[in-house]
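Accompanying notes for the structure given below.
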2 protein chains.
Amino acid sequence: MHMKTGVEQSMYALVLLNMLPDKAVLPGEAISQQLGASATYFQKLLRKLVTADIITSVPGIKGGFRLKKKPEDIRVYDVYLAVEGQQSLYSSHGILVDMLDLEKEESCCLLTNLMEEAESSWKAVLKRETIASLSEEMCGERFKDKVAALEEWINNKMVV
Amino acid sequence: MHMKTGVEQSMYALVLLNMLPDKAVLPGEAISQQLGASATYFQKLLRKLVTADIITSVPGIKGGFRLKKKPEDIRVYDVYLAVEGQQSLYSSHGILVDMLDLEKEESCCLLTNLMEEAESSWKAVLKRETIASLSEEMCGERFKDKVAALEEWINNKMVV
DNA sequence: ATAACGTGGATAATGATTATCCGTTTTAAG
DNA sequence: CTTAAAACGGATAATCATTATCCACGTTAT
């Protein structure tokens, strides 16, 4: 049981896109290079973010990706959901139904309620932070120089 | 990101063992049959429960498994931990460290704190219920007959 | 027209989870 | 003291989800 690495990657991709000036765009290949991710595979993840209305894609030469929403409106939870899908962490295999020989309608599992509560509780925390708050955290005094270098890199790679 | 089915199986295995009279024991093969689980593989899971001090094993003919602790002292969380191990749901791949070109000591990730909090929150819910409370839930009026049949089965399969 | 980009589908490689096999040890019973 | 049934441990295979690659296609600035 482990979160996909795609969630972490996507999150940082969005932090990168958040550094872009208005109307500018960053090509997918540049993003995946910066993340150290497989370029072709990361395109698929970017696609998921597009269909989740988190980012916009611009095709054609001078194309790329940019945020579609304001960074303070993109919750960590939204990114998780876009990348991992909405399947729950736990789903019953109907063991109790078999053990007690219940009817199929009586889908009954001693764990489902508890697990759903646990998951809600987990998700609630993911809803607390946004791309805006993460970006802010990164741009604090501590990493001033490093972030400046990253901005420099963005200026080189961004389009229009 | 999905919980192993072994967790659900183990949980019900413990509910079964909780139905045993004192000092009696249930062979691993009977347990896995009742659960509809692969017998040989489920032995491995039972082993994890043994090393986690949740159940005791008795080798030799007339051997099998029984609870080691009182059912009210076995939390759902304990079972989860025994089966899945203590690795956390999220672990950083150091993407930010690479992006900002930080020193290795400066292991820094914008998500780690949040994710750890979320996980704690998730685990807290799993600590609320125990094998005792699950068993109780199962043995309510609703499934009276069905549970009686299960007890019958246990009487047949248990040893000593 | 062309070159650089995103899209979509098919398909492989990888890795974790689940499953099987076999030999060993333990113990009750004949 | 032999045998049968059980847990144990290691090696290994099968299965499945995740990650990765490839290629043909649509889009758009130059």
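Here the structure is a predicted model, which is why all the values come from computation and not from measurement. Below, read A as the first sequence line, B as the second, and so on, with proteins coming before strands; counting in each chain starts at 1.
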Requested in this report: Grab the CG-P distance between Leu46(B) and dT18(C) for me, whole Å please.
Outcome: 14 Å
Query raised in the report: Are OP1 or OP2 of dA7(D) and a side-chain N or O of Arg47(B) less than 4.0 angstrom apart?
Result: no
Query raised in the report: For dA29(C), does either OP1 or OP2 sit under 4.0 Å from a side-chain N or O belonging to Lys62(B)?
Result: yes
Query raised in the report: OP1 or OP2 of dT17(C) sitting under 4.0 Å from any side-chain N/O of Thr5(B)?
Result: no
Requested in this report: Go through dA7(D), dT18(C), dA4(C) for me and flag the one nearest to the Ile61(A) side chain.
Outcome: dA4(C)
Query raised in the report: Taking Glu8(A) for the side chain and Ser92(B) for the main chain, is one N or O donor matched with an acceptor at less than 3.5 Å?
Result: no
Requested in this report: Name the nucleic acid region contacted by Met1(B), choosing base, sugar-phosphate or nothing; use a 4.0 angstrom heavy-atom cut-off, strictly under.
Outcome: sugar-phosphate
**Report entry** Gap between atoms CG and P, on Leu26(A) and dA4(C) respectively (whole Å)
**Finding:** 17 Å
Query raised in the report: Quick one: Glu84(B) CD to dT18(C) P, roughly how many Å, whole number?
Result: 8 Å
Query raised in the report: With a 4.0 Å cut-off on heavy atoms, is Ser38(A) in touch with a base, just the backbone sugar-phosphate, or nothing at all?
Result: sugar-phosphate
Query raised in the report: At under 4.0 Å between heavy atoms, what does Phe42(A) touch on the DNA or RNA strands: base, sugar-phosphate, or nothing?
Result: nothing
Query - Most 5' of Ala39(B) and Gly28(A) on DNA chain C, judged by nearest nucleotide - result: Gly28(A)
Query raised in the report: Quick one: is Ser57(A) getting a side-chain N or O under 4.0 Å of the dC5(C) phosphate, OP1 or OP2?
Result: no
Query raised in the report: Is the NZ or CZ atom of Lys123(A) positioned over Tyr77(A)'s six-membered ring, under 6.0 angstrom from the centre and within 45° of the axis?
Result: no
Query raised in the report: Tell me: CD1 of Ile55(B) to C1' of dC8(D), nearest whole Å?
Result: 13 Å
Report summary line: Closest of dT18(D), dC8(D), dA19(C) to the Val50(B) side chain is dC8(D)
Query raised in the report: If you look at every strand shown and take non-hydrogen atoms under 4.0 Å, does Val58(A) touch a base, only sugar-phosphate, or nothing?
Result: sugar-phosphate
Query raised in the report: Under 4.0 Å: is that the gap between some side-chain N or O of Tyr41(A) and OP1 or OP2 of dA20(D)?
Result: no
Query raised in the report: In terms of side-chain heavy atoms, does Ser121(B) have a donor or acceptor partner in Ser121(A) at a distance below 3.5 Å?
Result: yes
Report task. Find the distance Leu35(B):CG to dT18(C):P and express it as a whole number of Å. Result -> 14 Å
Query raised in the report: What is the distance, rounded to the nearest whole Å, between atom CE of Met3(B) and atom P of dA16(C)?
Result: 19 Å
Query raised in the report: Just how far, in rounded Å, is P of dT11(C) from CD of Gln43(A)?
Result: 21 Å
Report task. Inspect the surroundings of CD in Glu29(A) and state if more than 12 heavy atoms from other residues, nucleotides or ligands are less than 6.0 Å away. Result -> no
Query raised in the report: For Arg66(A) and dC5(C), what is the distance between atoms CZ and C1' respectively, to the nearest whole Å?
Result: 14 Å
Report task. Tell me which of Lys44(A) and His2(B) sits closer to the 5' end of DNA chain D, going by the nucleotide each one is nearest to. Result -> His2(B)
Query raised in the report: Side chains of Ser88(A) and Glu116(A): is there a donor and an acceptor less than 3.5 Å apart?
Result: no
Query raised in the report: Under the criterion side-chain contact (heavy atoms from CB on, under 4.5 Å), which of Asn18(B), Ile55(B), Leu17(B), Ile54(B) is the partner of Ile74(B)?
Result: Ile54(B)
